[in-house]
K.L.:
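Right, I'll just put the structure down here and ask away after.
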Amino acid sequence: KEKQYKSANELWLSAGLVVAHRPSQSSVYSPPRDQVVYGIEARYHFNPKLALMTGVHFGGNTVEDIAVDGGWIDQVYRELYWQVGVDFGVIESKYYHLQIGPRLGLQSASIEVEGDDPALVNELNIQTINATGLFAGAAVRAGVFVVPSCEVGLHIQMDYTMGAELSGFGREIGGYGVVHF
């Protein structure tokens, strides 16, 4: 009991933020681009070795000032990941832990075109997309407790999305912070 941050029989909640690098999916309309993904996650902990999680991760990027026929356009890419999963505590101590777990979810992505001349944007008839796909993957988290109920650490997630415009592998590498209450 002295080595665990919570009792083995105590149930509790935690909430956290994720900031990670995630290249966007490649499609026939857009090559993969670097982007920062932000996430909000919540967990229901049954004990230090088992938690259910749910969360949303979102990100995007804008390719600005593409010169086309005397005008300028911006290509705006946005994506959103709703996910659920389970975290298994592989190593749990009072000061640090290592968790792994599966993730399932729904990805939504869009590419929109904006420009300084709306007539030019319409005339170019550049393809915009609104796509969705299901994804499955796994996450690994290694964290340390900076104070008894607050942790920070490394977040890595690998997944595969299945969908018409979105199929392919994805990865997130970044950091996270969590508060247990």
K.L.:
Just verifying a value: how many Å separate R171 CZ and R22 CZ, rounded to the nearest 0.5 Å?
P.N.:
9.5 Å

K.L.:
Does the side chain of I156 come within less than 4.5 Å of L154's, by heavy atoms?
P.N.:
yes

K.L.:
Please enumerate all residues that pass side chain to side chain donor-acceptor pair (under 3.5 Å) together with Q35, with sequence neighbours excluded.
P.N.:
E79

K.L.:
Flag the pair F145 / Y95 as yes when their ring centroid distance falls below 6.0 Å, and as no otherwise.
P.N.:
no

K.L.:
Flag yes if V56 and Y38 sit in one hydrophobic cluster, no otherwise; membership is Ile, Leu, Val, Met, Phe, Trp, Tyr, and two members link when side-chain heavy atoms are under 4.5 Å apart.
P.N.:
yes

K.L.:
What's the verdict on side chain to side chain contact (heavy atoms under 4.5 Å, CB included) for V76 and I111, showing C-alpha distance, side-chain angles and the deciding distance?
P.N.:
CA-CA 6 Å; V76 181; I111 297 176; over 6 Å; no

K.L.:
Please name the residue in the list F169, Y81, Y160 that meets the ring-ring contact (aromatic ring centres under 6.0 Å, His included) test with F135.
P.N.:
Y81

K.L.:
Could you tell me how the ring of W12 sits relative to the ring of H45: parallel (under 30°), tilted (30 to 60°) or perpendicular (over 60°)?
P.N.:
parallel

K.L.:
Do F46 and L52 make a side-chain contact, defined as non-hydrogen atoms from C-beta onward lying under 4.5 Å apart?
P.N.:
yes

K.L.:
In the structure I gave you, are the side-chain heavy atoms of Y44 and L11 within less than 4.5 Å of one another anywhere?
P.N.:
yes

K.L.:
How far does OG1 of T132 sit from CG of L80, to the nearest 0.5 angstrom?
P.N.:
11.5 Å

K.L.:
Calculate, to the nearest 0.5 Å, the distance between atoms CG and CD belonging to L50 and E92 respectively.
P.N.:
10.5 Å

K.L.:
Which atom pair, heavy atoms only, marks the closest approach of N47 to K49?
P.N.:
OD1-N, 2.8 Å

K.L.:
Among residues at least two apart in sequence or on other chains, which ones pass side chain to side chain donor-acceptor pair (under 3.5 Å) with R43?
P.N.:
E41, D87

K.L.:
Does any non-hydrogen side-chain atom of Q83 lie less than 4.5 Å from one of Q107?
P.N.:
no

K.L.:
Considering all heavy atoms of both residues, which atom of F88 and which atom of P102 are nearest to each other, and what is their separation?
P.N.:
CE1-CD, 3.9 Å

K.L.:
Which heavy-atom pair separates A136 from L104 by the least distance, and what is that distance?
P.N.:
CB-CD2, 3.7 Å

K.L.:
I need the minimum non-hydrogen distance between G89 and Q99, along with the two atoms involved.
P.N.:
CA-CG, 4.2 Å

K.L.:
In the structure I gave you, are the side-chain heavy atoms of L134 and L106 within less than 4.5 Å of one another anywhere?
P.N.:
yes

K.L.:
Does any part of the side chain of H180, heavy atoms only, come nearer than 4.5 Å to the side chain of E151, both counted from C-beta?
P.N.:
yes

K.L.:
Might you point out which heavy atoms bring G39 and H57 nearest each other, and give the distance in Å?
P.N.:
CA-CD2, 3.6 Å

K.L.:
Membership question, hydrophobic clusters at under 4.5 Å side-chain separation (ILVMFWY): are L98 and V152 in the same one?
P.N.:
yes

K.L.:
Would you sort out whether I91 and Y96 count as a side chain to side chain contact (heavy atoms under 4.5 Å, CB included), showing the intermediate values?
P.N.:
CA-CA 8 Å; I91 299 171; Y96 58 89; 3.7 Å; yes

K.L.:
Side chains of V18 and R141, heavy atoms from C-beta outward: is any pair under 4.5 Å?
P.N.:
yes

K.L.:
Give a yes or no on whether the backbone of D34 and the side-chain of N61 come within a donor-acceptor separation of less than 3.5 Å.
P.N.:
yes

K.L.:
Minimum heavy-atom separation for N130 to S110, with atom names?
P.N.:
OD1-CB, 3.0 Å

